[in-house]
Protein chains: 2
Amino acid sequence: MVAESQQNPARRPTMTDVAERAGVSLKTVSRVVNGVQTVDADMASRVQQAAEDLGYRPNFAAAVLRSGSSTATIGLLTKDLRNEFYATIAGAVADVARANGFQLITSYSGENAEEELEAVQDLCRRRVDGLLIVPTSGDHAGLQKEMDLGTPMVFLDRRPEGLAADAVVLDNFAGARAGTGLLLDEGHTRIGILIDTLKMPTMSERLDGVRQAYADRGLPFDESLVVHNVATPEKAARRMDAILAADHAPTAFFCGNNRSGVGALRALWAHGRTEPLVCFDDFHLSDLMPRPLTVVSYDNYALGALGAELLFRRIRGEDFDPETVVLPTALSRRGTTTNIAPANEPTGGIQ
Amino acid sequence: MVAESQQNPARRPTMTDVAERAGVSLKTVSRVVNGVQTVDADMASRVQQAAEDLGYRPNFAAAVLRSGSSTATIGLLTKDLRNEFYATIAGAVADVARANGFQLITSYSGENAEEELEAVQDLCRRRVDGLLIVPTSGDHAGLQKEMDLGTPMVFLDRRPEGLAADAVVLDNFAGARAGTGLLLDEGHTRIGILIDTLKMPTMSERLDGVRQAYADRGLPFDESLVVHNVATPEKAARRMDAILAADHAPTAFFCGNNRSGVGALRALWAHGRTEPLVCFDDFHLSDLMPRPLTVVSYDNYALGALGAELLFRRIRGEDFDPETVVLPTALSRRGTTTNIAPANEPTGGIQ
DNA sequence: ATGAAAGCGCTAACAT
DNA sequence: ATGTTAGCGCTTTCAT
């Protein structure tokens, strides 16, 4: 009798198999498995025994298909989980998803609008209940259709473009304005600005904040002090090497994100330079950096958590106008407060 | 005619709807949507137009159900994505999944064997094609059944217990032995050992490595120098405060992981102490720490990537005996090489 | 090349 | 309290 279930080792037992083995109807098995309706105790235990014997595992997708219920799944599109900024967001989203009994699919947002749209469509085919997107592309108009078709979306870190959707973003303008203002108020007027590509609205908002800080004080802003396309710490360090070696170098630096900030800090440290540094984004262990710096900090975890909460309101069917939450920033002193020159004597024979 | 599709705004259009609108059979739509078989060009474009008009999106789960094909999904169970160690693994797994055209569900491995089993079962109900597990619990025997039922699993960072499954782990013993040996060879004999709970086999392997380093040199090991249950940097720092204040304090420290290592480093730094520190696990920006330290480093990304590769071999149906990959460790000097005492003068009026 | 019928594993809506 | 029938959206026969 049991042999039948072994005719094809790859086939999983179904409710029908369990029903046969327990000598009850399919529906009775369904009731027992879902444990919702009252079933005769004897029957129930027979069913449970049969399910156990056969190694029955409910097919969630089949239940969803028939009942029209939700997949209890949300998707998160990000660029790179190894990056602290995205990892914190993913952790926050995972926490909120778990609290709601949802599973989380983490996917890649791609390099451009087409890749992003493809990723979104894949997740829509899988009928996720909602999507959180940390966009890398510029244009999101293509996503409007997917939203209209019933997949709510919330944007993180960047406002949606060409699309009316919820978003949780940072106050990039105010943060950069305050950070630059700090340096200006210390008497610096030639501030080197390191930013990633201006194609990212976050970056141009931050640069606007820098300009505003100058304007606030009636000071002229020298656009030639802006260094563009600094995408990695390595690039930042290399650019800094050149800048620091040049005549009439800036007397202070503002970095548009933590990647350029870390690179700049490394270069300043390596050259034993003490020019003050302000960096948008805090980062892990920044308080232990071997020289002072100031960071434009914010609640990275909240960025993800608030976005996820917003998404779940949509998933629950709440109807409200697209909402944009703007998270405030703060200036925080980081690094050790002693300025020390790096020593060069090796401490041991290890690599 | 179009009105019908709007009778229920929440209902997504199906292949049948598209077929009706295009005036073709259901099967023709299927052929067009899947783009596999040859279809008359006119018909095909009519179908595509109808699908476009209606906003048709294939139901992936329905296709999987009927065809018996794979869900093209793997699951990753970890504790906390915000932790650099897990985030790097997740990033690696995400990369491999994407290269294989799979989606990745990141789930929580829970605090104990029951939670872990529940999470696994949930993912099995969703018919993931395989599972990567960074276990937190001690006993994995409960998972054997799920493997037998057809869900391959690969364990990361910890060997499976009571279960024959693939794994990718670190050479904890050798790493700790070498790290401790370094300190012993510098003449230290009283080494303070900070470890997380010994319930984690990784930790007891590392402690065994410490003991072995003493044994290698014919030196006695004083078990009273082992500080247990140091789970967070904060705890580590607090324990260190007490240890450093006591008489006859250790003259060097070995930390079982990066959390305790960072905490110990903070405490040593705060007290201006120069006792050498060796820490299992490298961490981001460790090279810029304001005092020297040595880390037991390894390829964190490879841990995840190799595990995922192994899993995909199983998913492809390759049959081989359970395999355990042991990743080597190396000693690496980190931190700035200048030892400096922290200054206390605040640098500005900011928080 | 196209279509009709059956059915994947499950639940809803009815019986009884 | 239990069983029967139909059908979720799709693909797989098997006709034509």
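Labels below follow one simple rule: chain letters A, B, ... track the order of the sequence lines, proteins then strands, and each chain is numbered from 1. What you see below is based on every heavy atom in this structure, not just the backbone, and it leaves out hydrogens, waters and symmetry mates. None of these values were measured; they are calculated from a predicted model.
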Interatomic distance, B/Leu26 CG vs D/dC8 C1' [rounded to whole Å]: 13 Å
Closest non-hydrogen atom pair between B/Ala97 and B/Ile74, with its separation: CB-CD1, 4.1 Å
I want to check one thing: is the phosphate of C/dT11, taken as OP1 and OP2, less than 4.0 Å away from some side-chain N or O of A/Asn34? yes
Toward the 5' end of DNA chain C, by each residue's nearest nucleotide, B/Gly23 or B/Ala62: B/Gly23
Is the phosphate of C/dG3, meaning OP1 or OP2, less than 4.0 Å from a side-chain N or O of B/Ser25? yes
Interatomic distance, B/Asp42 CG vs C/dT2 C1' [rounded to whole Å]: 14 Å
Please state how far atom CZ in A/Arg125 lies from atom P in D/dG9, giving the value in whole angstrom units. 17 Å
Listed nucleotide nearest any side-chain atom of B/Val24, set D/dG9, C/dG3, D/dG3: C/dG3
Considering only C/dC10, D/dC8, D/dC10, which nucleotide approaches the side chain of B/Thr14 most closely? D/dC10
Looking at residues at least two apart in the chain, or sitting in another chain, which of them share a side-chain hydrogen bond (donor to acceptor under 3.5 Å, both in side chains) with B/Glu111? B/Tyr108
May I ask you to decide if A/Glu118's main-chain N or O and A/Asp122's side chain share a donor-acceptor pair within less than 3.5 Å? no
Counting just side-chain N and O atoms, does B/Thr28 come under 4.0 Å of either OP1 or OP2 of C/dG3? yes
Can you check whether any acceptor in the base of D/dG7 is under 3.5 Å from a donor in the side chain of A/Arg66, or vice versa? yes
Separation of atom CE in B/Met15 from atom C1' in D/dC8, rounded to whole Å: 14 Å
Should the pair A/Arg11-A/Asp17 be classified as a salt bridge under the 4.0 Å nitrogen-to-oxygen rule? yes
Would you mind reading off the distance between A/Leu54 atom CG and C/dG9 atom P, rounded to a whole angstrom? 13 Å
Taken to the nearest whole Å, CG/B/Asp17 to C1'/D/dC8 is 13 Å
Could you state the atom-to-atom distance from CD of A/Glu20 to C1' of D/dG3 in whole Å? 15 Å
Could you check whether A/Phe60 gets within reach of a base, just the sugar-phosphate, or nothing at all, counting any heavy atom under 4.0 Å? nothing
Determine: side-chain N/O of A/Ser30 to OP1/OP2 of C/dC10, distance under 4.0 Å, yes or no. no
May I ask you to verify whether the side chain of A/Arg31 and the base of D/dG3 hold a donor-acceptor pair under 3.5 Å? yes
Can you tell me the distance, in whole Å, between the CZ atom of A/Arg46 and the P atom of D/dA1? 17 Å
Would you say the side-chain atoms of B/Arg126 and A/Thr73 include a donor-acceptor pair closer than 3.5 Å? yes
Of the listed nucleotides D/dT4, D/dG9, C/dA4, the one nearest the side chain of A/Lys27: D/dT4
